[in-house]
Amino acid sequence: METINKSYYVETPVSLNPEQLKMMIELEKDAFPGLGAVDEQTLIPLTRYGKLIQYRQHNDPRPVAICELMRDYHDIHKAYIFGFYVRSDQQGKGVGKLFLQEIYPILKQEGFHKVCLTVSIKNEAAVKLYEKLGFVIKETRFDEFGKGENRYYMEYFIS
């Protein structure tokens, strides 16, 4: 696949070795301090049976961004972004935008027509990014992951 920015490339592992697994858990904790819920019990099934997409930069051993995807069983043409984040030292450089623009064609090629996600209503930077890239807020889900954890449910139609 042709990449949008030549210094980055997409990698889709189908398994993770113990060292990679440890690194992924550390990246999750970095991205979501105190909130990260992805551990071995989640990462292994997501990698094997869902889709784990890593955005990498040449000569960097750690991914600069991660997208964890699942298929929606109620609508087989809809992908759900379980997790999407940019490494903290790479934020503010446009990496998230570049990465999402690379994900859309992958999903389209795999037969998806729609992609959805939830995002904390407090995460204004992420909401702004998703809206800029075509996502639309469809509803607000109150207490989605517990009391006070209010999230926007957003969708994007893949053209």
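Everything quoted here is computed from the prediction, not taken from an experiment.
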Can you say whether the rings of Phe99 and Phe84 are parallel (under 30°), tilted (30 to 60°) or perpendicular (over 60°)?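 Ring orientation, 0 to 90° scale: parallel.
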Tell me whether His113 contacts the main-chain N or O of Lys78 through its side chain, where contact means a donor paired with an acceptor under 3.5 Å.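 Side chain of His113 to backbone of Lys78, a donor-acceptor pair under 3.5 Å: no, none is there.
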Does some side-chain heavy atom of [Y] sit less than 4.5 Å from a side-chain heavy atom of [X]?
| X | Y | value |
| --- | --- | --- |
| Met154 | Lys138 | no |
| Val127 | Ile121 | no |
| Phe135 | Val115 | yes |
| Tyr156 | Leu133 | no |
| Ile137 | Glu131 | yes |
| Val14 | Arg48 | no |
| Ser120 | Glu149 | yes |
| Ile103 | Tyr55 | no |

Please lay out, stage by stage, how Lys114 and His77 fare under the test side-chain contact (heavy atoms from CB on, under 4.5 Å). CA-CA 6 Å; Lys114 190 186 317 181; His77 298 292; over 6 Å; no
Going through the distances and angles, do Leu16 and Thr47 end up as a side-chain contact (heavy atoms from CB on, under 4.5 Å)? CA-CA 8 Å; Leu16 297 171; Thr47 305; 3.6 Å; yes
Can we say Arg141 and Glu139 salt-bridge, meaning some charged N sits less than 4.0 Å from an Asp/Glu carboxylate O?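 Between Glu139 and Arg141 there is a salt bridge, with a charged N closer than 4.0 Å to a carboxylate O.
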Any salt bridge between Asp60 and Arg87, counting N to O under 4.0 Å?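 Judged by the 4.0 Å cut-off on N to carboxylate O distance, Asp60 and Arg87 do form a salt bridge.
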Let me confirm one number: the [atom1]-[atom2] distance from [X] to [Y], rounded to the nearest 0.5 Å.
| X | Y | atom1 | atom2 | value |
| --- | --- | --- | --- | --- |
| Ile66 | Gln54 | CD1 | CD | 4.5 Å |
| Leu100 | Glu102 | CG | CD | 10.5 Å |
| Ile106 | Gln109 | CD1 | CD | 8.0 Å |
| Tyr8 | Gln57 | OH | CD | 4.5 Å |
| Asn150 | Glu144 | CG | CD | 9.5 Å |
| Gln20 | Ser15 | CD | OG | 7.0 Å |

Could you give me the CA-CA distance, side-chain angles and deciding distance for Ile53 and Leu69, then say whether side-chain contact (heavy atoms from CB on, under 4.5 Å) is met? CA-CA 8 Å; Ile53 303 175; Leu69 291 154; 3.6 Å; yes
Shortest non-hydrogen contact from [X] to [Y]?
| X | Y | result |
| --- | --- | --- |
| Val95 | Ala65 | CG1-CB, 4.2 Å |
| Met24 | Pro63 | SD-CG, 4.5 Å |
| Leu46 | Phe82 | CD1-CD2, 3.6 Å |

Yes or no on side-chain contact (heavy atoms from CB on, under 4.5 Å) for Val86 and Val64, after CA distance, side-chain angles and deciding distance? CA-CA 6 Å; Val86 175; Val64 295; 5.7 Å; no
Taking atom types as modelled and ignoring hydrogens, do the side chains of Glu155 and Tyr153 form a donor-acceptor contact shorter than 3.5 angstrom?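 Side chains of Glu155 and Tyr153: pair found under 3.5 Å.
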Any link between Val136 and Leu117 through a network of hydrophobic side chains (Ile, Leu, Val, Met, Phe, Trp, Tyr) touching at under 4.5 Å?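 No, Val136 and Leu117 fall in different hydrophobic clusters.
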Within a 6.0 Å radius of atom CD on Glu19, are there more than 12 heavy atoms belonging to other residues, nucleotides or ligands?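 Open.
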Which residue in the set Glu68, Arg71, Glu110, Met70 passes side-chain contact (heavy atoms from CB on, under 4.5 Å) when paired with Lys51?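 Among the candidates, only Glu110 passes.
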Below 6.0 angstrom between ring centroids: does that apply to His58 and Tyr9?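 Centroid separation for His58 and Tyr9: below 6.0 Å.
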